[in-house]
J.: 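Can you keep this structure in mind? I'll have questions shortly.
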Amino acid sequence: MMWDRFAASDPGLLRLSAGLRTVAAIGLTLMVLAVLGTDVTHMVAGAMTAMTATFAIKDTLVRDQAVTLALGLPVALAATSLSALLTSQVIVGDLFFVALIFGAVYCRRFGDRGTALGLIGFQIYFLSLFVGASTAALPALCLALVIGFGCSAVVRFAVVPETPRRVLTRLRDAFRTRVAQLVSLQIELLDAEPEQLEKVLDDMRRSTARLHEAALMIQGRLEEGTQDADKAALLQRRVADAEISTERLGMLLLNARSAERADTLTLHLPHAPVPLTGDWKPAEDDATMALRRDLKALHLLVDRPASREGGTAVAHIRNRLLGYRDEEKLPPAPAGIQDAFRGIGEAARSVLGLRLALDGPQDESDDSPATTRSREEFDAEDIALASTEEPGGDDRTGLQRPTTRAAFQVSVGSVLAMIGGELLSTQRWYWAVLTCWVVFLNTASTGEILVKGYRRLLGTLLGAVAGVALAGLVGDHTWVAFALVLVFIFAMFFTAPLSYAVMSFFVTAMLGLLYTLLNSYSFDVLVLRIEETAIGAACGVIAAVLVLPVHTDRRTDELLGTVLDRLGDVASAAVEQLSGGPSSDLLGKARGLDTALDELRDSTNPLTYPITPLRGRRQTVRYLVALLETCAYHARSLAATAELVPHSKTVAADPRLHRAGRRIAHNIEVLSAHVGDKGVGGEIQSAASIASTLRDDRSGTPPSGTVTFRVLRHLQRLDEGVVGLARPLDVPIAERAGEKAARG
């Protein structure tokens, strides 16, 4: 369905809700002010206040939102009053503005509420400068602010309410839809011609990344959206199982289409080579036709909610797919095809577990022995489930604290922007300050600020052209202009997480219309807007470079060290549990790894941006991130399998795995030490394959009933991935004994 696709593209409908809530708040404010006979200037002030009061508040709980909104009103009234009083005191007004900017940024250390109150103070002060607030008009302006806050509250809590449980429910629906989309692409992968394979793989990479994004968003909403901590941890585990099993199924299908086992890196690095078989004929192969049929059946299971499962047909499909978890139920086929059937069985199990966690107990009258066994495994996991631990806080202090450092940087940049802006215009210098402010939002390094400034300038340039055209078309039609402003505000909020340049385009086009409403529109004004934006962005970059700079290389090295540490934690804990050791919160550790990897990926954007002149470095960074994503995938898979060991009746722990994991742990420690301190020595150990070290003298391949059989490939690929990280990080690799003997 089209709606399912839209819901999947906007997990939890968060962007849609934000846009609708903001537009509704502005529309209601305009209606109230129009009934009161307010002039256009104060209508603009009320509308912009409603927008600020709506988008600034990010608290998750409804109670916290109400408190922040109530505290925001006096902050807004104080900001606009001081702006009006200091209008004639240029130097004092500028000094207060700088102090306000410092405080607004510094307040981010106090969480969502501090961030919201700081943002409200800055935006309302800027708004007062924009509409030319004066002491004579202060009562009417304060009334417009009160109405804006009141309308924002009405819309937030009554018209477009947002509760943590409702958001979590929508996120779960989006996750289900994204799983279904990924399974659809896996069916395409099975049928793709060689010339179509690269496109299908690109689509699979994007779909896998979106599935991962939805899983992380659910993780962030679990605590508030689920009252029972154990139930929240259970849902986290089921979501992780579904994500890992679906991603693994794609890898198994790719292996089935390859002449030899494809490298997992293929799913994470664009244009990675895939050795296709030369005699692949899916339409004429009975096993492959059955595989295609069962992939479509799996898609049906995922795509159909439990509430629409009536009848025995779906139960029959579920029983058949879960049967592939038993070796005797696998159809006769080559090893690669049989692995794909095993993957379908595990994916079907994860779908069943997700439904049990979301919808509770279901009808068991049509269960097969395989389905009954899966339910018993889930019951055992539920009984043994322990609540997750609270994450530790940031122990950095003083200038090492990001909010303190950013406050000094933004303040210095704002002073420079004031000076540069005043040289261009003594009336609209504040545009440069606004640009300097926004380029520091959600950035943590000089490179990120540079890229964000470039994107804002590009969006402003294109938006100014659109503003010229629209302002000329609108003319004196006030309500047409307000209607277009609402459209642009919705587009601004809907596109903000997707493209900062596009958002800046809509912001500038909207401002062109606002200037028309205030009868201050001219081509020179829009040109000045571009010039002030360029100065503000330049001042932001200068401040980021000169004041307590955080260079992109240093930032990425810190995050890379964090990723390696968490990778080592997950791998070591998983191998320990797979070897028969004590249980631990493996999926919580895996989510910590995913979060750190996402932060690293974001921090490398300046190094991989298309305008980056260092092409070779860009390729190295992409390869490094892809290798880390591959290692994280195998670590998550090891963690998911290790979670099964204490409760499974068919998968037993293998003490030999403890020996196999020592080399991986050592190599990760060497990489982490090298990234953290260039003077630390140590070499990467590269030896025979893990499979060969685990084989008994006569046993050959481990039996299918042992955990070794399930995790051997993940251990091997993780070992290869960790060793592969040595080359881009310039870490020496120790020679193998055989190589030393050959040299001797």
Side-chain angles (χ1 to χ4, degrees), residues 15 18-23 25-27 29-30 43-56 119-120 122-131 148 414 417 421 425 428-443 449 451-471 474 481-518 520-523 525-540:
R15 300 201 315 270
L20 291 177
R21 190 178 300 110
T22 306
V23 169
I26 294 173
T29 302
L30 291 174
M43 290 178 71
V44 170
M48 294 301 98
T49 299
M51 181 180 74
T52 301
T54 303
F55 80 78
L119 185 58
I120 289 172
F122 173 85
Q123 290 291 135
I124 298 302
Y125 194 92
F126 171 83
L127 173 64
S128 301
L129 295 174
F130 179 70
V131 299
S414 298
S425 171
R428 295 186 174 88
W429 52 269
Y430 43 78
W431 287 120
V433 180
L434 178 67
T435 299
C436 180
W437 161 277
V438 297
V439 297
F440 275 95
L441 292 177
N442 300 319
T443 54
I449 293 170
V451 170
K452 193 170 185 180
Y454 162 77
R455 288 172 172 170
R456 184 169 183 85
L457 183 58
L458 176 63
T460 300
L461 179 62
L462 298 176
V465 175
V468 170
L470 289 172
V474 169
F482 271 125
L484 287 175
V485 166
L486 292 177
V487 171
F488 287 153
I489 288 176
F490 176 82
M492 177 178 69
F493 280 91
F494 193 79
T495 60
L498 303 178
S499 172
Y500 187 72
V502 174
M503 186 203 73
S504 299
F505 166 83
F506 286 117
V507 169
T508 305
M510 175 197 70
L511 290 174
L513 292 171
L514 290 180
Y515 277 129
T516 302
L517 291 169
L518 296 174
S520 58
Y521 161 76
S522 70
F523 179 76
V525 168
L526 292 179
V527 172
L528 179 63
R529 162 81 171 135
I530 297 174
E531 293 172 343
E532 296 279 4
T533 299
I535 287 180
C539 291

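Side chains are part of it too, since the values below use all heavy atoms of this structure and drop only hydrogens, waters and symmetry mates.
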J.: Quick check against the 3.5 Å criterion: does K452 have a side-chain atom that pairs as donor or acceptor with the backbone of V438?
T.: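 Judged by distance alone, yes, a pair lies under 3.5 Å.
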
J.: Rounded to the nearest 0.5 Å, what separates atom OG in S128 from atom CD in Q123?
T.: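 The OG atom of S128 sits 11.0 Å away from the CD atom of Q123.
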
J.: For the side chain of R455 and the backbone of A501, is there at least one donor-acceptor N/O pair under 3.5 Å apart?
T.: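 A pair under 3.5 Å: no.
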
J.: Tell me, do F493 and M51 make a side-chain contact under 4.5 Å, heavy atoms counted?
T.: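 Yes, side chains in contact.
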
J.: Between T49 and T29, is there a side-chain heavy-atom distance shorter than 4.5 Å?
T.: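 A side-chain contact is absent here, since even the closest heavy-atom pair is not under 4.5 Å.
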
J.: Distance from E531 atom CD to T533 atom OG1, nearest 0.5 Å?
T.: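 Interatomic distance, E531 CD to T533 OG1, rounded to 0.5 Å: 10.0 Å.
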
J.: Are the side chains of L434 and Y430 in contact, using a 4.5 Å heavy-atom criterion?
T.: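 No, side chains not in contact.
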
J.: Which atom pairs, donor and acceptor, lie under 3.5 Å between side-chain atoms of residues 460-471 and protein residues at least two apart or in another chain?
T.:
residue, atom, partner, partner atom, Å
T460, OG1, R456, O, 2.7

J.: Please find the pair of heavy atoms, one from G540 and one from V439, that lie closest to each other, and give the distance.
T.: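 Scanning both residues completely, I find the closest heavy atoms to be CA-CG2, 4.4 Å.
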
J.: Can you tell me how far CZ of F122 sits from CG of L127, rounded to the nearest 0.5 angstrom?
T.: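 Reported value, rounded in 0.5 Å steps: 11.5 Å.
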
J.: Working to the nearest 0.5 Å, report the span between CG of L486 and OG1 of T22.
T.: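 One gets 10.5 Å once the value is rounded to the nearest 0.5 Å.
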
J.: Taking distance alone, no hydrogens or angles, what donor-acceptor pairs closer than 3.5 Å link side-chain atoms of residues 503-511 to residues at least two apart or in another chain?
T.:
residue, atom, partner, partner atom, Å
S504, OG, Y500, O, 2.9
T508, OG1, S504, O, 3.0

J.: For M43 and F482, what are the C-alpha separation, side-chain angles and deciding distance, and is it a side chain to side chain contact (heavy atoms under 4.5 Å, CB included)?
T.: CA-CA 10 Å; M43 290 178 71; F482 271 125; 4.0 Å; yes

J.: Could you grab the distance from atom CD1 of I535 to atom CG of L528, nearest 0.5 Å is fine?
T.: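 The CD1 atom of I535 sits 8.5 Å away from the CG atom of L528.
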
J.: Step by step, would you call V44 with F130 a side chain to side chain contact (heavy atoms under 4.5 Å, CB included)?
T.: CA-CA 10 Å; V44 170; F130 179 70; 4.2 Å; yes

J.: Roughly how far, to the nearest 0.5 Å, is OG1 of T52 from CE of M48?
T.: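 Here the rounded value is 7.5 Å.
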
J.: Minimum heavy-atom separation for A45 to V131, with atom names?
T.: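 Smallest heavy-atom distance, with atoms named: CB-CG1, 4.3 Å.
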
J.: For residues T435 and G536, report the shortest heavy-atom separation together with the two atoms involved.
T.: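 Minimum heavy-atom contact is CG2-C, 3.9 Å.
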
J.: Which atom pair, heavy atoms only, marks the closest approach of A417 to C436?
T.: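 Of all heavy-atom pairs spanning A417 and C436, the closest is CB-CB, 4.3 Å.
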
J.: Does the ring centre of W431 sit less than 6.0 Å away from the ring centre of F126?
T.: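 Aromatic pair counts; centres sit under 6.0 Å.
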
